[in-house]
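Quick notes on the structure that follows.
Here the structure is a predicted model, which is why all the values come from computation and not from measurement. Just so it is clear: chains get the letters A, B, ... in the order the sequence lines come, proteins before strands, and each one is counted from 1.
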Protein chains: 2
Amino acid sequence: MNVQAAQTWQSVQEEVLRRIHAREWKPGDLIPNEAELAKDFGCARSTVNRALRSLAERGLLERRRRAGTRVAAQPVAKATLNIAVIRHEVEDRGARYGYQLALREARVAPTHISAALGVGVQDRLLHVMALHLSDDAPYALEDRWINSVHVPDALEQDFRSISANEWLLQSVPYTRGEISFAAIPASAENAKHLNCPENSAVLAINRLTWDHDHSVTAVQVLFAPGHQMRTQI
Amino acid sequence: MNVQAAQTWQSVQEEVLRRIHAREWKPGDLIPNEAELAKDFGCARSTVNRALRSLAERGLLERRRRAGTRVAAQPVAKATLNIAVIRHEVEDRGARYGYQLALREARVAPTHISAALGVGVQDRLLHVMALHLSDDAPYALEDRWINSVHVPDALEQDFRSISANEWLLQSVPYTRGEISFAAIPASAENAKHLNCPENSAVLAINRLTWDHDHSVTAVQVLFAPGHQMRTQI
DNA sequence: CATGCTTTTATGTGTATACATAATATCATG
DNA sequence: CATGATATTATGTATACACATAAAAGCATG
């Protein structure tokens, strides 16, 4: 069952994908091992490995040493959302970006914030709220707490011309983070900023980032009603 | 500036990450080329390539032929959400999964559905609504249209014991899809199923999948209020 | 028959080498 | 000086080879 010489790992990948989509290899099926496929395709095993590894990363194949490679029974669709700087997001849509600082204060944080950031309940943190605009319409409301105990530089920034969003990315590294998506009703205050009725359904993204063992920032970004995040799978 | 022999691509990656996080290489900086790093680390260039390529895939590095590799100026956080079979999602949370078919009909679809699926406005499509339960509480409402013109097998399924969600994944391949996330107010009908007040903010995931040039299905999944999707970055 | 050791096997990875390719830099020429 | 040909260079990839490692299968022993 020799196939024409496929020289690139992409072409091997395409052929493997074709076989999966054509159901020649069905979900759950064990596929031939790398050495056999290499012989079949007339290429080196490393080339097959590259192709299969990449498909496994995408969730279409499941690989285990010694056990072999099988087609994922229920391929988990991996939706990768790019969480970019909000300014870029707006500009990429071809709109004019605007920015308004709504609040900047150093104060003791609510307990759920200080707990999330792992700081003492008495520590004063930097609280920044800002509105991001797209063609002068409210686009997203950023409600952020910065761990100014570990990021003291933040206290010297007024965040009037550069958003905390951008300043942090440029200035403070992080090694890991958590992110969550939810739909929540807009509070009276949120609704005022976003120029929408109270209790409107808004998309909320919560992020918590850490630099090694130090928390950096906790932020909630609320998008104006109707906002969609899109991606391909 | 010789570093101790780093034999694995993971250790090279870790050291590169350390330098980025320690700001030895700052956002926007050009880093040494693969050959130099290989000499530095005392390993082969392919090993360095593997490490850097993987970091580039994660969005931390930007690579261009001849131009070299630089630290991403504003690393785009890539949040990868696993959109699994809903049953697995519930079971993974340690809850008991339940399933109730709410509606199954073959009829002419609303124009926005037939347009999205690229079928004629007069074509009868299969419409399925089902409720997914977690410990007997409403978890998600699945509102699906299946392109039964191209997936006629679907007409023979009653979807009473297996959800359309699972049946399609097992039975019908797709090559590509679009997915979008939004927050919407629950309609009266949705609210009844989800057992929540009308206009509650609910997280909606819309998916549209294709098998080559044929649309397969358009589905909206509404999660009960309070639902969060989480991931690490 | 259960339990733990050993063998086998498929994937995972590192190396040296070679060539491909994109993109920049340089140079020649009008 | 502008323009296009050419050289250079860093990444991208294919190959053959070797060895590492996880896990299944087989085997021996109590």
Open item on the list: Looking at B:Arg18 and B:Glu15, is any side-chain nitrogen of the basic one under 4.0 Å from a carboxylate oxygen of the acidic one?
Closed with: yes
Open item on the list: Tell me the interatomic distance from B:Arg50, atom CZ, to D:dA14, atom P, rounded to whole angstroms.
Closed with: 14 Å
TODO: Check whether the side chain of B:Arg53 and the base of D:dT13 form a donor-acceptor pair under 3.5 Å.
DONE: no
Open item on the list: Salt bridge or not between A:Arg96 and A:Asp136? Use side-chain N to carboxylate O under 4.0 Å.
Closed with: yes
TODO: May I ask you to test the A:Val216-A:His150 pair for a side-chain heavy-atom distance under 4.5 Å?
DONE: no
TODO: With DNA chain D as reference, determine whether A:Ser46 or B:Arg45 sits nearer its 5' end, using the nearest nucleotide of each.
DONE: B:Arg45
- [ ] Measure from CD on B:Glu36 to P on D:dT9 and round the result to the nearest Å.
- [x] 12 Å
Open item on the list: Quick check: do A:Ile83 and A:Ile179 have side-chain heavy atoms less than 4.5 Å from each other?
Closed with: yes
TODO: Please determine if a side-chain N or O atom of B:Thr69 lies less than 4.0 Å away from the OP1 or OP2 oxygen of D:dA10.
DONE: no
TODO: Ignoring hydrogens and angles, state whether a donor on the side chain of B:His132 or B:Tyr99 is under 3.5 Å from an acceptor on the partner side chain.
DONE: no
Open item on the list: Could you tell me how far apart B:Arg63 (CZ) and C:dT21 (P) are, to the nearest whole angstrom?
Closed with: 18 Å
TODO: Could you tell me the separation between the CH2 atom of B:Trp9 and the P atom of C:dG12, rounded to a whole number of Å?
DONE: 11 Å
Task: Rounded distance (Å) that lies between atom P of C:dG14 and atom CZ of B:Phe41 - done: 13 Å
Task: Separation of C:dA16 P from B:Lys39 NZ (nearest whole Å) - done: 14 Å
TODO: Scan side-chain atoms only and decide if A:Asp143 and A:Gln220 contain a donor-acceptor pair under the 3.5 Å cut-off.
DONE: no
TODO: Do nucleotides 23-28 of chain D as a string where each nucleotide becomes B, S or -: B if the base has a protein heavy atom under 4.0 Å, S if just the sugar-phosphate does, - if no protein is that close.
DONE: BBS---
Task: Separation of D:dT8 P from B:Asn33 CG (nearest whole Å) - done: 17 Å
Task: Side-chain ion pair, A:Arg87 and A:Glu166, N-O less than 4.0 Å - done: yes
Task: OP1 or OP2 of D:dT15 under 4.0 Å from side-chain N/O of A:Thr47 - done: yes
Open item on the list: So B:Gln10, base contact, sugar-phosphate only, or nothing? Heavy-atom distance under 4.0 Å.
Closed with: sugar-phosphate
Task: Given DNA chain C, 5'-ward residue of the pair A:Ile31 and B:Ala44, judged by closest heavy atom - done: A:Ile31
TODO: Grab the CD-C1' distance between A:Glu34 and C:dG12 for me, whole Å please.
DONE: 8 Å
